[in-house]
Amino acid sequence: MFKGGAIQEFSIPAESKSANPLVTISENKEKILIKTDNLFTKETIKIEILVKTKKKENPYINIRSKTTKGTKLSKPNTKTDQIFNDTTKSIALIIISLFIFTILLRKKTIRFQAHSPNNIGFLLLHANEINVAGKYFEKDLEKGITGPYSLSNYALYKALTDSPNASKPYIEAALFYSNNKHEKAVSKFNESLILAINNETSDAEEKLAESIKLSKSSITKYCNYSKIVKEFIPNFQKVIDESK
């Protein structure tokens, strides 16, 4: 629960989807509820949350269970004791990873982000270090770290190094796998570039516009950074300006 913030988006990494968690957000967007039928010893659920707030805020976390399938912590650390009371120590540990966008008075933003192979590959790919980037995407996909992000990025890599047709199964999988707005935005962003590589300019700009509408700030930043966008969608700034 965030008393002074509003939950904007959430995503569940691929490694936590096997637990089939059901996630709901309260109407006031201050609370997020995670339910799962079973959570066994050493099994974890990781959730990434985007929170809009005027200051840094640590969430209040409460865990309840109808069973005692978890393993009691033999040496609980101080931080855990501050969050969980004695009655909840028998519940398997849930890891919550918070991606908090803190909006300060001057409208500056702070973002805490993991340095995953996918993120490194993305930066290299759009800096035109295409072959090196592919190795990072393959590593990310092998370990199932970022799910739809690495799938759609790898699709673009395949379009650039092989053919747009070779990218098709990967971009289709990414679009199907995408759940939240940002995941869908990144998948459509990569889809637009694949269309552009295939000389489908009008469709490419249309998909880019759809992507921008889902996550304008991030996609705009990607476009301005990317040498690939500048090469294949040179009209990208007009698309950004016309997207509302």
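Residue pairs meeting the ring-ring contact (aromatic ring centres under 6.0 Å, His included) criterion with at least one partner in residues 193-212, sequence neighbours excluded, are absent. Each salt bridge (charged side-chain N to carboxylate O under 4.0 Å, His left out) pair with one or both residues in residues 208-218, not counting sequence neighbours, appears once here: K188-E210, K207-E210.
Scored by the side-chain contact (heavy atoms from CB on, under 4.5 Å) test, K227 finds N128 as partners (sequence neighbours excluded). The side chain to side chain donor-acceptor pair (under 3.5 Å) search around S226 returns H126, not counting sequence neighbours. Listed by chain and number, the residues in a side chain to side chain donor-acceptor pair (under 3.5 Å) with S187 are S178 (sequence neighbours excluded). Here K135 pairs with nothing under the side-chain contact (heavy atoms from CB on, under 4.5 Å) rule; sequence neighbours left out. Qualifying side-chain contact (heavy atoms from CB on, under 4.5 Å) partners for K230, counting only residues two or more places apart in sequence or in other chains: F236. Residues passing the side chain to side chain donor-acceptor pair (under 3.5 Å) test with Q237 are D241, sequence neighbours excluded.
Note: I145 CD1 to S116 OG = 6.5 Å, rounded to the nearest 0.5 Å. The CD1 atom of I120 sits 10.5 Å away from the CZ atom of F137 when rounded to the nearest 0.5 Å. Note that CG of N131 and CG of L125 are 10.0 Å apart. Values are rounded to the nearest 0.5 Å. Between the OG atom of S211 and the NE2 atom of H182 there is a distance of 8.5 Å, given to the nearest 0.5 Å.
L208 places a side-chain heavy atom less than 4.5 Å from the side chain of C223. By the 4.5 Å heavy-atom criterion applied to side chains, E142 and E138 are not counted as neighbours. Side-chain contact check for V186 versus Y222: some heavy-atom pair is nearer than 4.5 Å.
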Table please: side-chain donor-acceptor pairs of residues 150-165 below 3.5 Å, with sequence neighbours left out.
from : atom 1 : to   : atom 2 : distance (Å)
S150 : OG     : D140 : OD1    : 3.3
S150 : OG     : T146 : OG1    : 3.4
S150 : OG     : G147 : O      : 3.1
S152 : OG     : P148 : O      : 3.3
S152 : OG     : Y149 : O      : 3.2
S152 : OG     : N190 : ND2    : 2.9
N153 : OD1    : N190 : ND2    : 2.9
N153 : ND2    : N118 : OD1    : 2.8
N153 : ND2    : Y149 : O      : 3.1
T161 : OG1    : Y157 : O      : 2.8
S163 : OG     : A166 : N      : 3.2

Which pairs would a plain distance check flag for residues 192-206, meaning a side-chain donor or acceptor within less than 3.5 Å of a matching protein atom at least two apart in sequence or in another chain?
from : atom 1 : to   : atom 2 : distance (Å)
S192 : OG     : F189 : O      : 2.5
N198 : ND2    : E200 : OE2    : 2.7

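Side-chain N or O atoms of N180 include one that pairs as donor or acceptor with a backbone N or O of E183 at under 3.5 Å.
Linking Ile, Leu, Val, Met, Phe, Trp and Tyr residues whenever their side-chain heavy atoms come within less than 4.5 Å places Y177 and F122 in a single cluster. I212 and L214 are assigned to two separate hydrophobic clusters, defined by single-linkage of ILVMFWY side chains at heavy-atom distances under 4.5 Å.
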